[in-house]
J.: 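Here you go, one structure.
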Amino acid sequence: MTYKFDTQCVHLGTHPDPETGALATPIYQTSTFAFRNADEGARRFQGEEDGYIYTRLGNPNHTAVEIKVAGLEGAEAGAAAASGMGAISAVLWTALKGGDHVLAGNSLYGCTYSLISHHFPHYGIESTFMDLTDLDAVRRAMKPNTKMIYCESPSNPTMAIADLEGLARIAHEGGAILVVDNTYCSPVVQRPIEFGADVVLHSATKYLNGHGDVIAGVAVGKRDFIEKLKMEGLKDMTGATLSPFDAYLLLRGMKTLHIRVPRHCETAMKVAQFLEKRPEVEHVWYPGLESFPQRELAAKQMKYFGAMIAIELKGGYEAGKRLINSTKLWTLAVSLGDAESLVQHPASMTHSALSDDELAAAGISKGLVRMSVGLEDPDDLIADLKQALEAQAVAGIRA
Ligand code: LCS
């Protein structure tokens, strides 16, 4: 019997320990696994028999995470990694080789952008970064050697929405795959495989874990690709092995994913609506607002509107800096998806590896402030923003 999504968050991938009955999955903090005899070891290496060998190749805590995320995303299989970047680099190294071309959204998490734009050319992998919201332009940009379309939706940090169904169609027509980084959403908000994506990635550091105490990543997709990813990208190319303890914490976090994420999103809507009415604020990008240019597309592919907000203040970067220096409840920190609300400045922080020209091409203005709405009472979050906006108005007059 297939259980519903909320039940899967709690139960999928876990079961009472057969020996002791322990209900929480025990932490298998071991590097290696003993074989009963030489033939068993040989069979496991040949892939003729299931079973663990060495934690870089798999571990029961990984298995639990992989089954849960794959199930929640509607994928055949999953692979756990030591970080979101571990999952991303392993997927890209597994799927691409010298001579291939990748078409990517122009606004991506800074390190993903750096990997594709700054480092891949050294290995003969070509890339084009573009506004993926124009599907005709995407179709024209496909080349005979395009093997992948890569996107985030909403994108970090500009909140651009990619038409997942349209991109999957274009990718498949051109013999390429669509890879979607679903970190900003979690499967509670969006399930890209339903729209045709081939691989879905997560920085599990964020909503999946949800408690700000783990760095982890997961990739899910078709079984054949995930097997290859485990044996090549993760085992040989990156060695980005998730620690069993972190896998345990991640599993613990995911049991409440379906309760946490809707609350994050509900509060984000209130915060966005508050910010939009403030005279100090030039613009608010939040997919749930009527003013959001791609609201219809967002509503088509997202169940909730997420809990990430981008804003630009009328006073630009200086005003933004004063705002993030003045909040008391919102923490000035990178990362997202934690219980604590976080605020940061992408141009000088998460996206600081991008040159001014690259920031401009990605549509990341110097004044953009990014907010990750947490699980506090919305009234407290709004009151803190109000005092910070008012404090900066006073500072502005003094300056
Ligand atoms: N994908 C997205 C969309 C991200 O935002 C991040 C990290 C990653 C992948 C990489 O994941 P990690 O290796 O850190 O687990 N984003 C961060 C951010 O926006 N602030 O700090 C990290």
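When a ligand or atom number is given, it counts from 1 through the structure's own listing order.
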J.: Could you say whether the N/O atoms of Tyr184 and ligand 1 ever approach to under 3.5 Å?
T.: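 Min N/O separation from ligand 1 is not below 3.5 Å for Tyr184.
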J.: Under a 3.5 Å distance rule, please check whether Glu152 uses its side chain to pair with a backbone N or O of Leu108 as donor and acceptor.
T.: no
J.: So that I can tick it off, tell me whether Lys386 and Glu390 are bridged by a salt bridge, with the cut-off set at under 4.0 angstrom between side-chain N and carboxylate O.
T.: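 Here Glu390 pairs with Lys386 in a salt bridge, since their nearest N and O are under 4.0 Å apart.
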J.: Under 6.0 Å between ring centres, would you say that holds for Phe5 and His258?
T.: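 That pair fails the under 6.0 Å test.
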J.: Do side-chain atoms of Asn59 reach the backbone of Tyr28 as a donor and acceptor pair under 3.5 angstrom?
T.: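 Indeed, once roles are kept as given, a pair shorter than 3.5 Å links the two residues.
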J.: Can Gly217 be said to touch ligand 1, with heavy atoms closer than 4.0 Å?
T.: no
J.: Taking a cutoff of less than 4.0 Å between a non-hydrogen atom of the residue and any ligand atom, is Ala216 in contact with ligand 1?
T.: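 For ligand 1, residue contact (heavy atoms, under 4.0 Å) with Ala216 is present.
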J.: Is there a donor-acceptor contact under 3.5 Å from the side chain of Ser372 to the main chain of Gly337?
T.: yes
J.: Name the option, out of Leu201, Asp181, Thr350, Val214, that contains the heavy atom nearest to atom 2 (C) of ligand 1.
T.: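 The nearest heavy atom belongs to Asp181.
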J.: For atom 21 (O) of ligand 1, what's the nearest protein heavy atom and its distance?
T.: Ser335 N, 3.0 Å
J.: Nearest protein heavy atom to atom 12 (P) of ligand 1, by residue and atom, and its distance?
T.: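 Sorting protein heavy atoms by distance from atom 12 (P) of ligand 1 puts Gly84 N, 3.3 Å first.
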J.: So, do His345 and Tyr317 have ring centers that fall under 6.0 Å from each other?
T.: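 Centroid separation for His345 and Tyr317: below 6.0 Å.
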J.: Which of the numbered atoms in ligand 1 are under 4.0 angstrom from any heavy atom belonging to Glu152?
T.: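 Counting from 1, the qualifying ligand atoms are 3 (C).
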J.: Among Val369, Leu313, Ile311, Ile382, whose side-chain contact (heavy atoms from CB on, under 4.5 Å) with Leu275 holds?
T.: Ile311
J.: Does Thr205 reach ligand 1 with a nitrogen or oxygen that is under 3.5 Å from one of the ligand's nitrogen or oxygen atoms?
T.: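 N/O-N/O distance under 3.5 Å: yes.
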J.: Which of the numbered atoms in ligand 1 are below 4.0 angstrom from a heavy atom of Ile88?
T.: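 Those atoms are 9 (C).
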J.: Write out the residue and atom name of the closest protein heavy atom to atom 19 (O) of ligand 1, then the distance separating them to 0.1 Å.
T.: Arg370 NH1, 2.6 Å
J.: How far is atom 4 (C) of ligand 1 from its nearest protein heavy atom, and which residue and atom name does that atom have?
T.: Tyr109 CG, 3.6 Å
J.: Answer yes or no: does an N/O atom from Met85 fall short of 3.5 Å to an N/O atom of ligand 1?
T.: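 It does: an N or O of Met85 is found under 3.5 Å from an N or O of ligand 1.
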J.: Please work out whether the ring planes of Tyr113 and Phe129 are parallel, tilted or perpendicular, with thresholds of 30° and 60°.
T.: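 Tyr113 and Phe129: tilted rings.
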J.: Any side-chain heavy atom of Lys228 sitting closer than 4.5 Å to one from Arg223?
T.: no
J.: Applying a strict 4.0 Å limit to heavy atoms, is His202 in contact with ligand 1?
T.: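 No, that is not the case, since the closest heavy atom of the residue is not under 4.0 Å from the ligand.
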J.: Kindly confirm or rule out an N or O of Gly86 lying under 3.5 angstrom from an N or O of ligand 1.
T.: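 No - when backbone and side-chain N and O of Gly86 are compared with those of ligand 1, no distance drops under 3.5 Å.
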J.: Determine the sole option in Val138, Asp134, Leu135, Ile170 for which the side-chain contact (heavy atoms from CB on, under 4.5 Å) test with Asp163 is passed.
T.: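 Of all the options given, the one that passes is Leu135.
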J.: Taking a cutoff of less than 4.0 Å between a non-hydrogen atom of the residue and any ligand atom, is Lys206 in contact with ligand 1?
T.: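 Contact present.
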J.: Which residue and atom name correspond to the protein heavy atom nearest atom 5 (O) of ligand 1, and how close is it?
T.: Asn156 ND2, 3.0 Å
J.: Using a 4.0 Å cut-off to any heavy atom of Val334, which atoms of ligand 1 qualify?
T.: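 Checking each atom against Val334, I get 20 (N), 21 (O).
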J.: Counting each atom of ligand 1 from 1 as listed, which ones have a heavy atom of Leu336 under 4.0 Å away?
T.: 5 (O), 19 (O)
J.: Do you reckon Ile324 sits in the same ILVMFWY cluster as Leu381, going by side-chain contacts under 4.5 Å, direct or chained?
T.: yes
J.: Please work out which of the three classes, parallel, tilted or perpendicular, describes the rings of Tyr248 and Phe245, given edges at 30° and 60°.
T.: parallel
J.: Against heavy atoms of Ser83, which atoms of ligand 1 measure under 4.0 Å?
T.: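 Answer for ligand 1: 13 (O), 15 (O).
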